[in-house]
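Report on the following structure.
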Amino acid sequence: MSSPRWPWPSATASAALLVVVGSSAALFVTNPTREDYRVFAGETLAKLATKEICERQTLPMVLQLWISDCPRLIADQEQALALLADQFTRRWNLGLASVYTTTVGGQNLLPALRLPRYSVTSLGLAGQFLVLNAHSDAGKLE
């Protein structure tokens, strides 16, 4: 008669399970918050708007002459852009990570100036954000 085997997992399996549980707990704890995303969104939208409006010179000529430092003007609006983005953001909290989709813009600011529409989808994971997709009215953004 042989001795019964205990159904305990091997040391290797226990270690692997511990690593998986520990990693999952770490991802859960470091899942970025909505406030973290607000800051990230403000920075990202300021960069996108600078590229779209200032570098591609989509401003009417009169405004280009009037605004001497377009990038600084947009950078000064980063907090306002962050608050605006927060109003137009949907978050899917997956526990270990979050997916954020923000769509802003498309409004007419002046008769000859329309704010471009931006849509950004980002993954928040381990305290960081990764832009998965970003596009504007003009097409895909880099």
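FYI, side chains are in, hydrogens and waters are out, and symmetry mates aren't considered; it's all heavy atoms of this structure.
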**Request:** With sequence neighbours left out, write down each residue that passes side chain to side chain contact (heavy atoms under 4.5 Å, CB included) with Thr44, or none if nothing qualifies.
**Result:** Phe40, Leu48
Let me confirm one number: the [atom1]-[atom2] distance from [X] to [Y], rounded to the nearest 0.5 Å.
X      : Y     : atom1 : atom2 : answer
Thr33  : Asn93 : OG1   : CG    : 10.5 Å
Thr102 : Leu84 : OG1   : CG    : 9.5 Å
Leu45  : Gln77 : CG    : CD    : 12.5 Å

Got [X] and [Y] here, is their nearest side-chain heavy-atom distance under 4.5 Å?
X      : Y      : answer
Val99  : Thr121 : yes
Arg34  : Thr89  : yes
Thr101 : Trp92  : yes
Leu96  : Asn31  : no
Thr103 : Phe88  : no

**Prompt:** Going only through I, L, V, M, F, W and Y residues with side-chain contacts under 4.5 Å, is there a path from Tyr100 to Val39?
**Reply:** no
**Message:** Would a single hydrophobic cluster contain both Leu83 and Leu81, if residues Ile, Leu, Val, Met, Phe, Trp and Tyr are joined by side-chain heavy-atom contacts under 4.5 Å?
**Reply:** no
For a quick test of reading the model, state the closest non-hydrogen atom pair linking [X] to [Y] and the distance between them.
X      : Y     : value
Ala85  : Ala41 : CB-CB, 3.7 Å
Ile74  : Ala46 : CG2-O, 3.5 Å
Phe129 : Pro32 : CZ-CB, 3.3 Å

**Request:** Can you establish whether the number of heavy atoms outside Arg72 located under 6.0 Å from its atom CZ is more than 12?
**Result:** no
**Message:** Going by the rule salt bridge (Lys or Arg N to Asp or Glu O under 4.0 Å), which residues pair with Asp36 if we only count those two or more places apart in sequence or in a different chain?
**Reply:** none
**Item:** Residues in salt bridge (Lys or Arg N to Asp or Glu O under 4.0 Å) contact with Arg38, at least two apart in sequence or another chain
**Value:** Glu35, Asp86
**Request:** Under the side chain to side chain contact (heavy atoms under 4.5 Å, CB included) rule, what do Val120 and Val131 come out as? Steps first, then yes or no, please.
**Result:** CA-CA 7 Å; Val120 180; Val131 175; 4.0 Å; yes
**Message:** We want to know whether Ser98 and Arg91 form a side-chain donor-acceptor pair, criterion being a heavy-atom distance below 3.5 angstrom.
**Reply:** yes
